[in-house]
Amino acid sequence: MKKKRILGSAVLSLAMGVSMFATGAFGAGVQESQDTYRVLIKGPSAEKEKVKEQYGKRWDFGNQGFTAEVNSKQYQALLKNKNIDVSQVGIHTIDARVEGNGNDKGKGKGDYTVQASYPSDQTPWGIQAIYNDNYIQSTSGGNGIKVAVLDTGINRNHIDLTDNVEQCKDFTQSYSSMVNGSCTDRQGHGTHVAGTAVANGGYDGAGVYGVAPEAELWGYKVLGDNGSGYSDDIAGAIRHAADEGVRTGTKVVISMSLGSSGKDSMIASAVDYAYSRGALVVAAAGNSGPSANTIGYPGALTNAIAVASLDNAFVNGTYKVSDFSSRGNPYTDGDYYIQEKDVEVAAPGGGIYSTAVDGNYATMSGTSMATPHISGLAAKLWSANKTWSNSQLRSEIQRRAKLYDIKGGTGAATGDDYASGFGFPRVR
């Protein structure tokens, strides 16, 4: 039985600069001089065990090494240890912009309770576009598929998400805290992304709808409240999601609207691991366009589907690739083959309306917003074809992608284009 929606007194919009793959530059760096350091330690097993006993560990990646948090004095001592290799863990930070929804603008704080107003659009343009139906009133599909959103967390109490939430974990805390049921989003980026993928219309069916509203949502907080996150936390969450899929005997789509300009070995290995365990990994291409060879990681990895952004500019039967959307390698156009640093597909990412952290709704732009459209599509297709492997599902997504739906991706007319990959895949 559906509950009545509690109306908020005002629709709050988010007007903060967050660090995600919404429009803006992105990058990866290491920690500047500070009191604490996150480090990756490699070396012979015996030497690593000595360091673990002395400093503890945060994540253990086997032969790749383990990570730990140390103070400045400990960090200097580790650097002097000639028996181990010590490097700082990369920090992923990405800029974002929220486009106002209403006149009252303020920064979201905390995990809001159910205080949602009715949305101005239940099936935003991106949902209509991916369903290829401008008159669609609601969506369906995704039952039995898990969509793991690795982001700033989620507002698990949002009226359009709460029934979908199956797991809620915070990987920015210690490993022991990772399973405590906390995934508080204090920024809004993760909540917005989750809504595009799986929002179910709310208790009374009058809320916003995502692509696959029957899928189960795993809200994994891997980015801190400032919108940045450590590589080891992200890698740990990727591996955990893949293992949970095997443990529960279910299909998992790992959705990452995050990234950096540089390749990280821990994350790259985790993506390969997840793919080998049967998960499908979907990641944002980045917002450093329109120049070529600007695609970010982990989207640029061969075992991740890199998603470019499309604008709501349907001209002459085609969509336009967003100017901000990162591009791949133009010299691989038309080869029908996705390799590292290639865009794979494109989806709506400009001016996307979805669930907001305050329990209401907001508009954001970026490849961050394009990614959950493909993650939701993957969940919907997989739910209807549960015998498929992740590689079969990936092939089907490529098959459904059409380049003739896209205007602005210069390059191949067939095959794959450096701006939009194979094109825009749709439900129908």
Quick one: do Tyr220 and Ile254 satisfy side-chain contact (heavy atoms from CB on, under 4.5 Å)? Show the steps, please.
CA-CA 10 Å; Tyr220 286 3; Ile254 299 174; over 6 Å; no

Verdict with supporting geometry, Glu340 and Tyr297, side-chain contact (heavy atoms from CB on, under 4.5 Å)
CA-CA 10 Å; Glu340 191 162 340; Tyr297 289 88; 2.8 Å; yes

Kindly determine whether Phe422 and Ile397 satisfy side-chain contact (heavy atoms from CB on, under 4.5 Å), including the steps that lead there.
CA-CA 9 Å; Phe422 284 101; Ile397 291 172; over 6 Å; no

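Between the side chains of Gln137 and Gln122, no donor N or O sits under 3.5 Å from an acceptor N or O. Side-chain atoms of Tyr418 and Asn293 include no donor-acceptor pair closer than 3.5 Å. Between Ser231 and Asp264, the side chains place a donor N or O and an acceptor N or O closer than 3.5 Å (distance only, hydrogens not considered). No side-chain donor from either of Asp233 and Thr172 sits under 3.5 Å from a side-chain acceptor of the other.
Side-chain contact between Leu161 and Asn200: absent, with no pair of heavy atoms (C-beta onward) separated by less than 4.5 Å.
Contact check on Asp185 versus Lys221 returns no salt bridge, with no Lys/Arg side-chain nitrogen under 4.0 Å from an Asp/Glu carboxylate oxygen.
In this structure a side-chain-to-backbone donor-acceptor pair under 3.5 Å is present from Trp382 to Trp388. For Thr371 (side chain) and Val307 (main-chain N/O), no donor-acceptor pair under 3.5 Å exists by modelled atom type. Side-chain N or O atoms of Ser322 include none that pairs as donor or acceptor with a backbone N or O of Phe324 at under 3.5 Å.
Considering CG of Leu40 and CD of Gln64, their distance stands at 8.0 Å, rounded to 0.5 Å. With values rounded to the nearest 0.5 angstrom, Thr191 atom OG1 is found 6.5 Å from Ile154 atom CD1.
Of the residues listed (Asp151, Asp170, Asp225, Asp358), the one engaging Arg186 in a salt bridge (Lys or Arg N to Asp or Glu O under 4.0 Å) is Asp225, and it is the only one.
Applying the 6.0 Å contact sphere to NZ of Lys341 captures no more than 12 heavy atoms from other residues, nucleotides or ligands.
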